[in-house]
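Keep in mind that the numbers below use all heavy atoms, side chains included, and drop hydrogens, waters and symmetry copies. Labels below follow one simple rule: chain letters A, B, ... track the order of the sequence lines, proteins then strands, and each chain is numbered from 1.
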Number of protein chains: 4
Amino acid sequence: MTDVAIVGASGYTARELVQLLLRHPGARIRVATSRQDDAPRLDAMHPSLAGRIDLACRPFDADLVAESARVAFLALPHGASMAVTPELRSRGVRVIDLSADYRLSDPKVYADWYDHPHTDPSGLDEAVYGLPELFREAIPPSGLIANPGCYTSTSILALAPLVSRDLIGRSGIIIDAKSGVSGAGRSPKLTTHYPECNESLSAYGVGRHRHTPEIEQVLGEVGRETGGGAPVEVIFTPHLVPMDRGILATVYAEPKGPVTEHDLMELYREFYKACPFVRVVGRLPSTKDSAYSNFCDLTVRVVRGRILVIACLDNLLKGAAGVAVQNFNLMTGHEETTALF
Amino acid sequence: MTDVAIVGASGYTARELVQLLLRHPGARIRVATSRQDDAPRLDAMHPSLAGRIDLACRPFDADLVAESARVAFLALPHGASMAVTPELRSRGVRVIDLSADYRLSDPKVYADWYDHPHTDPSGLDEAVYGLPELFREAIPPSGLIANPGCYTSTSILALAPLVSRDLIGRSGIIIDAKSGVSGAGRSPKLTTHYPECNESLSAYGVGRHRHTPEIEQVLGEVGRETGGGAPVEVIFTPHLVPMDRGILATVYAEPKGPVTEHDLMELYREFYKACPFVRVVGRLPSTKDSAYSNFCDLTVRVVRGRILVIACLDNLLKGAAGVAVQNFNLMTGHEETTALF
Amino acid sequence: MTDVAIVGASGYTARELVQLLLRHPGARIRVATSRQDDAPRLDAMHPSLAGRIDLACRPFDADLVAESARVAFLALPHGASMAVTPELRSRGVRVIDLSADYRLSDPKVYADWYDHPHTDPSGLDEAVYGLPELFREAIPPSGLIANPGCYTSTSILALAPLVSRDLIGRSGIIIDAKSGVSGAGRSPKLTTHYPECNESLSAYGVGRHRHTPEIEQVLGEVGRETGGGAPVEVIFTPHLVPMDRGILATVYAEPKGPVTEHDLMELYREFYKACPFVRVVGRLPSTKDSAYSNFCDLTVRVVRGRILVIACLDNLLKGAAGVAVQNFNLMTGHEETTALF
Amino acid sequence: MTDVAIVGASGYTARELVQLLLRHPGARIRVATSRQDDAPRLDAMHPSLAGRIDLACRPFDADLVAESARVAFLALPHGASMAVTPELRSRGVRVIDLSADYRLSDPKVYADWYDHPHTDPSGLDEAVYGLPELFREAIPPSGLIANPGCYTSTSILALAPLVSRDLIGRSGIIIDAKSGVSGAGRSPKLTTHYPECNESLSAYGVGRHRHTPEIEQVLGEVGRETGGGAPVEVIFTPHLVPMDRGILATVYAEPKGPVTEHDLMELYREFYKACPFVRVVGRLPSTKDSAYSNFCDLTVRVVRGRILVIACLDNLLKGAAGVAVQNFNLMTGHEETTALF
């Protein structure tokens, strides 16, 4: 049994984490923290948890967390995570950070995209990018996991086989991505006000969404040994879709040589054969079929000489809390799928 | 051609008013006001108006409005309307107030339900309740129209024939009402944050929604001559439904004597025969069939000795901006349906 | 480990059953049947099950089911269940029937509401109504469970404490119920065609929905010892709400004497204290907080002398597949909550 | 006043046509036809039309239509339109065909994509492609208008300025398009069954959607004088989005030389300056802002050397019934915007 802490308990990701961990035979939630002063109960913040857990949030205190928990899940805004992570690491707590703070290995790139300097560069050295399908070996021993972004996981899982085998050109890769609204978090704003975004569809953050450098960095690592190690450059266009959950990425890449759908499908099946949460499917996937699960569904097509990969997952689970628990399982020696099926 | 002003232009009701008035051959929008300092254009506030109107908002100024317009539509929060109405009336501007400020004739009742005193009781004396189906005679000469609430119009149109003919008991009338989210206005808050209210249904304001006294007051007037003039008492339960527009009220009333569905349907058809916007229908109405229109659809059933009336309308149109234009038409001598079909 | 069969695997209820049973440590799905000739795999019918179960459907065959399974879940249309149940019972298979076929104890009432005669009246004698909150003792030994309807469970759980203590009048009870669209099943029709029911709300089946006699029968049993054993008569009005899942019932009842909200809340807490899936909550419940769970959330209010009970649950889980597994747990000696938290 | 007929009145497009034409001062609906035998009234088929039009459908009869109407709007499935068009044309009726039957000028291409031969090739010679923004001169005298497809109009309006000025490469143009569900028509099927497509997103018809050749043909005409007259080749990927109305296309094209966002925006403004229904906007457009209108909103971006054009419109209006009325206006000498603002 591993005692765990939820640091930053008020958002959707934290709620999903709690739901998963309550189902986990090897995890026990011992502490939850929140900036709210009045020590709200978890089930007051998240009424769906009523009858499931009897725990009040406390203000963050590194000693408290270290006394109670061996692993801390950080569901904090970026910037806040790197403020508390060194305190937890120095007390021996293993950290799974769901923010963006430890995802970009170069602090300058972080500063460029997040508009503030990185305050824990040594943490960056320690951090392991928590996408188990690609970094399965590095995760178990790690003390600091940078849990990937939701758009990022979808995009990387869609492209990794092609990049690792050097089958496609590395610039001009188009990722047309679509997300449900829960990806925007729980703070009310006009763009996520129901009468504004319901029955509407729009692109946003065109050319400047912060998951762009994360996708490029990880795919660059995936393709380091091939293609002359050339960097990967993507055109990433996110869209907001009137639904709660789900991300679907439609990826367009230019093959370096002739390819067939059949061979590509074989490649993907082979590439992911040891990955219980990636389903390479023949049909065109629907977000609904992976919603409320930790699966990523994907398929490949060839249209007029271009490769199309269509991938989808649940942004709150495989894109956030689910993969966090998957990382937890690997870190603590549980079956990878524990609490996730 | 009547020059008009939109006072308080940032909300959904104002946007709908502008859309309708742009289609109106006898109205010209001359001025729009907003509390925002930077003189935003109407189509910056409401992108759907792009290419349709070239007008920047100005801060409210009674002289400005009076110089430019003969009729002012007030799309302000309650409290704000009664602050500007006397200034406009004293300058001869006719006012159609879409807030609640002039709907309750008794300032004490207003103070009880709105938690602040009424500051313009003489305005209350002047105001005419703007539900044309019931007060068709009083509206044309009026200088101050209290435009009805959306739940209110639905409920009153459902019950008026029964109350006016004294066919039902006057207490214990149940109005189970359901509304789309645009009825909650345009200010973001947690309850109308998309991932909270999408795919969800709940009751709210049980026993204390502010449309309750309005419904009772108007039905009381409708039934003043009958039933010994007894007051009307309703149990009003609003629900929030995950859709943009539409209110549906399911009304349960106890008949005083034997009734048949056929006779009641006849009564309703007769009662509303001169009302172009009330459709007494045989089928069970769907909000979608009256959405984006100024119609109120309703039907009557008898179930186990109880009378059920089911009525629906578009909360932003027949429940707000549409009936405002209907009142404008009556006040300015236009055909009642102008710009509304 | 109990071997189970899913008879009628193509609908939403069957899919949810499979999802729950795959998580159940004491159940193993051995056979699934379908009328489709081509032996479709479960994950071809339900793509969300890909990677989770490797099973092809077979045509129904009582011997096959009896050889493979000790318990059969019947997710068939009404009429079809009573055709196969005697065959299964005679072979010793315990049956949990999710159709309506064994819910009404009087075959004449069944014939009246379902427009065909009941062909297995002896099965009616054997059947136990599977609402564990009320019939906890009768379920474990039973060989034939009539799994309750979704509207029915919501309504009965809302009213049982009041009826059993004889606190309310037994006629004129109003149940204004609202359901998501999955309750209508998986067969496409115009009323559930997306552009028809999305963004729309309507009542349907007013005065003639088939859950009416079921509600009345079970509440009649609940109140047999009190109130002179008078029958219970409800006015049940279902509405279709544009969301996938969830039922919310707003119930209006007339108290026989003075009541307070506080006392009623205490009564409900007491009544359901041993029921892990009923949450008596202070807030007004939202369907979303019980969606994807086996909980029923409810609260009580007193408004102008009337008692309001507002109850909600997930129609596919607590209203169908979840309560079926809850019954299975009771029948097979598992913890009641197994696979349901 | 022009008398018109609606041929094929049961679908969403026909309903929208009726709504627009009822508002048109120069059109009078004289006849509506349907395959249904029982002469259903228009408002029985479309309850939203109750109180607006008193007309029963009749079976199609070319003589009847020709006696009653000068212009016929054909809202029929493909295949059915070309069966009746010659009969109407030979009787002097001008036809606006909303099906695909006259959109592809080469009958062989039609046969390839629609799986049946074209039966009226001489009609193809007569037909004018009814996209007023591009073919403004040819429409007024025409007797047979091929009203464009909804995806097609969005895609063509997004790309026409670039192709006509030969600014982009003509192959490998990516059109990632997203549509609301009403675009799938009114016939219920599993893919548009609410619980299947609500809260879900998926691609469909990848590489084989029938609007592909239409887009390529029209853009080929637009670029005939430039670029060596090379054909245009697009990769068109449609997606189904859980909303009623709206199409948004995200288009990716490779510029032939250096370009700036500013210059491209100027080009688009200039190109569409005489087009009242195309709004070139600075913001990223949302489908909701053009929903229930005849506008197409679009904007241009340059991201990492690629040109992105994002365009949206209401598939039932600017994508079908609205542009049909726009064509009607041009054909009958009305102001282009009549009944459409």
Quiz item: Do you know the tightest heavy-atom contact between Lys178(A) and Lys178(D)?
Solution: CE-CE, 3.3 Å
Practice problem: Just give me the residue among Glu254(D), Arg301(D), His239(D) that pairs up with chain A most often, heavy atom to heavy atom, under 4.5 Å. | Solution: His239(D)
Practice problem: Kindly say whether Glu233(A) contributes a backbone atom to a donor-acceptor pair with the side chain of Arg304(D) at under 3.5 angstrom? | Solution: no
Quiz item: Given a strict heavy-atom distance threshold of 4.5 Å, which part of Arg283(A) is in contact with chain D: side chain, backbone, both, or neither?
Solution: neither
Exercise. Check the pair Asp176(A) / Thr237(D) against side chain to side chain contact (heavy atoms under 4.5 Å, CB included), numbers first and verdict last.
Key: CA-CA 11 Å; Asp176(A) 193 279; Thr237(D) 314; over 6 Å; no
Quiz item: With distance as the sole test, does Lys288(A) use its side chain to make a donor-acceptor pair with the main-chain N or O of Asn198(D) at under 3.5 Å?
Solution: yes
Quiz prompt | Region of Thr212(A) that comes under 4.5 Å of a non-hydrogen atom in chain D | solution = side chain
Quiz prompt | When Leu240(A), Thr250(A), Val241(A) are compared by non-hydrogen pairs under 4.5 Å with chain D, the top option | solution = Thr250(A)
Quiz item: Taking every heavy-atom pair that is under 4.5 Å apart, which of Gly305(D), Gly172(D), Gly246(D) has the most such pairs with chain A?
Solution: Gly172(D)
Quiz prompt | Interface residue of largest heavy-atom contact number with chain A, from Ser200(D), Gly207(D), Pro285(D), under 4.5 Å | solution = Ser200(D)
Quiz item: Which one of Asp289(A), Leu308(A), Asp244(A) has the most heavy-atom pairs closer than 4.5 Å to chain D?
Solution: Asp244(A)
Exercise. Assess whether atom NZ of Lys108(A) is packed by more than 12 heavy atoms of other residues, nucleotides or ligands within 6.0 Å.
Key: no
Quiz item: Taking it one step at a time, do Ile247(A) and Leu201(D) satisfy side chain to side chain contact (heavy atoms under 4.5 Å, CB included)?
Solution: CA-CA 8 Å; Ile247(A) 282 185; Leu201(D) 177 72; over 6 Å; no
Exercise. State, to 0.1 Å, how close Ser202(D) and Leu248(A) come at their nearest heavy-atom pair, and which atoms those are.
Key: CA-CD1, 4.0 Å
Quiz prompt | Part of Ala291(A) within contact of chain D (heavy atom distance under 4.5 Å) | solution = neither
Self-check item: Spacing of Leu284(D) atom CG and Tyr204(A) atom OH [to the nearest 0.5 Å]
Solution: 11.5 Å
Quiz item: Closest approach of Ile174(D) and Ile174(A), non-hydrogen atoms and distance?
Solution: CD1-CD1, 3.7 Å
Quiz item: Of all heavy-atom pairs between Ala203(D) and Ile310(A), which one has the smallest distance, and what is that distance?
Solution: CB-CD1, 3.7 Å
